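Reminder, nothing fancy here: chain letters follow the sequence lines and each chain counts from 1. It should be emphasised that the depicted structure is a prediction, and the values quoted were computed from it without experimental measurement.
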Amino acid sequence: MAVFGGRRREDNPALPPGQHLTESFPVLSAGPTPSMDTADWEFFIHTETGKTHRWNWGQFLALPSADITVDIHCVTSWSKLGTSWRGVSLDTLFAEVETGFDFVMAHSYGGYTTNLPLEEILDGKAWIAYEYEGAELDPEHGGPARLLVPHLYFWKSAKWVRGLTMQREDNPGFWEEYGYNLHGDPWREERYS
Amino acid sequence: MTSPSAGWLTGSLTRAHPLTTSARSITFTVPSWPGNDAGQHVDVRLTSPDGYQAVRSYSIASAGPGEMIELAIDRLPDGEVSPFLVNDLELGDTVELRGPLGGWFVWRPDQPQPVQLIAGGSGVVPFIAMTRAHASAGNSVPMQLLYSLRTPEDAFFRDELSQLAATVRTTWHYTSIVPPGWSRSAGRLTAKDLQRETLPPEKTPLTYICGSTGFVETVSRALTSLGHAPDAIRTERFGGT
Amino acid sequence: MDHLDGNVLAGPITGFFDFEPTTAQGQCQSCADIAALGQAMVYGQPMGFVARCGNCDNVLIVIVERAGQKSLNMRGLRWLRVADPVEQNRI
Ligand SMILES: Cc1cc2nc3c(=O)[nH]c(=O)nc-3n(C[C@H](O)[C@H](O)[C@H](O)COP(=O)(O)OP(=O)(O)OC[C@H]3O[C@@H](n4cnc5c(N)ncnc54)[C@H](O)[C@@H]3O)c2cc1C
């Protein structure tokens with residue numbers, strides 16, 4: 001009798017529970033890939049005072065950037081180790097932002113949203129990434145730029161990100177509204193709410 | 001026919017044979033299977049000993065009443081489920097099945113319109129069911145198939161399609177290698193190929209397209225540009241690019 | 001007239017959910033396009049099934065299945081029209 005193993009879930013200390021390794025880079029998206037010209041691209045942070053901080057592509061690229069090598073974990077159970085990115089730290093983008101709210105909603109071109117606690121994206125934990133493995137970020141992986149929050153499940157790393165809106169409560173984003181976890185820590189296997 | 005069963009049925013593998021070097025026909029006996037229309041699919045669920053489950057959809061190559069259903073699976077090199085179904089599953093082994101599913105991408109013998117089928121690779125599977133249903137109903141509605149595949153070795157059910165040629169003509173199109181002496185060169189299906197090889201809008205056909213998502217995208221866009229009404233085109237995307 | 005209890009929905013709703021979903025007609029909340037569900041564009045697997053309007057990309061239906069539970073959200077549909085099972089379930 002043939003026994004189905006599924007993708008092997010390995011005993012590897014780098015892998016959170018229930019995850020398996022992949023060499024490829026699977027594509028998962030809740031909608032079509034938006035075609036985005038960097039000439040029209042803009043990133044914003046909108047706060048409760050009504051103030052909106054904006055960066056166009058040129059201003060964004062002029063910000064100090066960092067090379068980042070991290071492991072990423074998708075809730076659909078694949079993990080990819082040692083991925084390398086280039087991006088702008090959210091600490092840099094938040095340097096001038098004043099807010100009393102503790103949560104953000106990330107918004108993407110195409111309408112996708114995902115919610116995050118502010119403290120999960122500051123202190124060197126999150127970036128707006130625009131290069132992957134030394135090349136510009138492919139549209140199917142979120143180019144021109146995506147959020148990168150590698151310590152949470154990868155649906156939090158919104159592709160085609162266009163801005164963050166501060167929110168008082170941790171209101172759910174797209175997948176969170178349909179039962180995925182508000183927080184999404186892979187090490188605690190926070191897949192569903 | 002009864003409505004689709006909400007739960008999962010158990011099917012045991014009763015027949016299997018290779019279709020190509022990477023594909024296999026697998027026939028399951030499914031007690032209480034209600035029969036199925038041509039073009040419907042099933043969800044196949046596999047469970048590993050530790051409880052992990054994977055579900056994939058597969059078109060049914062067979063049609064009509066009876067408790068046997070035939071699937072035809074192409075093995076994807078890095079796939080989780082298809083290599084297991086093609087290489088590992090043995091006669092007598094069981095899988096869980098949910099179906100028959102779908103009522104949109106089906107063909108029924110009482111449909112009046114001429115039918116154009118356009119397949120890319122394993123996308124031919126639901127059309128095998130349709131050509132079989134057409135033949136067994138002795139149907140006189142015109143039906144023809146345009147089958148795009150990488151190389152001559154990749155053909156599923158070539159003999160069966162050849163035998164049906166008098167009632168359902170198959171036009172073969174090769175994208176990467178052509179057989180010796182073939183009059184056309186290899187290449188992707190273009191709007192020109194489609195114009196030459198498929199029923200034109202004037203014949204008011206119902207056109208079915210099935211294959212990888214990329215294939216279906218390209219062909220459906222080309223057909224719309226040739227003047228086919230979007231409502232006269234039915235698509236089934238298998239995934240992939 | 002006095003209202004009834006939700007119990008009375010048992011019959012009509014059970015009848016309603018006993019239908020072939022892919023041929024059911026629905027109207028998009030956003031662009032008013034009317035199409036069969038089989039014509040929607042489905043994204044999001046394997047996290048879930050996100051069915052979008054083929055005309056305007058509006059999200060029509062989201063289904064998330066997980067062990068022991070499934071959820072269905074149809075906010076993007078103005079209505080869904082279903083043929084009675086006898087009409088369509090034939091071989
Ligand atoms: C309605 C329906 C009917 C289908 N009928 C058939 C059928 O009759 N015969 C058949 O062989 N398959 C059919 N498929 C495809 C099938 O469901 C699986 O997607 C396929 O077998 C791959 O599963 P896997 O677990 O082996 O690969 P996965 O582990 O799911 O994927 C492995 C890799 O292949 C890519 N990939 C996934 N699907 C495809 C694809 N179809 N083509 C190319 N690349 C892909 C993935 O992105 C991934 O990178 C059908 C799909 C649908 C939706």
Heavy-atom count check: over 12 atoms from other residues, nucleotides or ligands less than 6.0 Å from Glu133(A) CD?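 Yes, the 6.0 Å shell around CD holds more than 12 heavy atoms from other groups.
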Are there more than 12 heavy atoms of other residues, nucleotides or ligands under 6.0 Å from atom CD of Glu98(A)?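 Check fails, neighbour count at 12 or below.
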Do you know the tightest heavy-atom contact between Pro46(C) and Thr76(A)?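 For Pro46(C) and Thr76(A), the tightest heavy-atom pair comes out as CG-CG2, 3.6 Å.
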Identify the heavy atoms of Glu65(C) and Tyr192(A) that sit nearest to each other, and give their distance.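 That closest heavy-atom pairing would be O-OH, 4.3 Å.
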Between Cys74(A), Ser77(A), Pro26(A), Pro32(A), which shows the greatest number of heavy-atom pairs under 4.5 Å with chain C?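 Winner by heavy-atom pair count: Pro32(A).
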If you count heavy-atom pairs under 4.5 Å between each of Gly179(A), Gly110(A), Gly31(A), Gly111(A) and chain C, which one has the most?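 Top option by heavy-atom pairs under 4.5 Å: Gly31(A).
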Val59(C) side chain reached by Phe174(A) side chain, heavy atoms, under 4.5 Å: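 They are in contact (side-chain heavy atoms under 4.5 Å apart), so the answer is yes.
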So do the side chains of Tyr43(C) and Thr33(A) get within less than 4.5 Å of each other, counting heavy atoms only?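 Contact flag for Tyr43(C)/Thr33(A) side chains = no.
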Gln45(C), part contacting chain A, at a heavy-atom distance under 4.5 Å: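 For Gln45(C), backbone heavy atoms alone lie under 4.5 Å from chain A.
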Using only atom types and a distance under 3.5 Å, with no angle test, would you say the side chain of Arg66(C) pairs donor to acceptor with the backbone of Tyr180(A)?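 Looks like no, no N/O pair under 3.5 Å.
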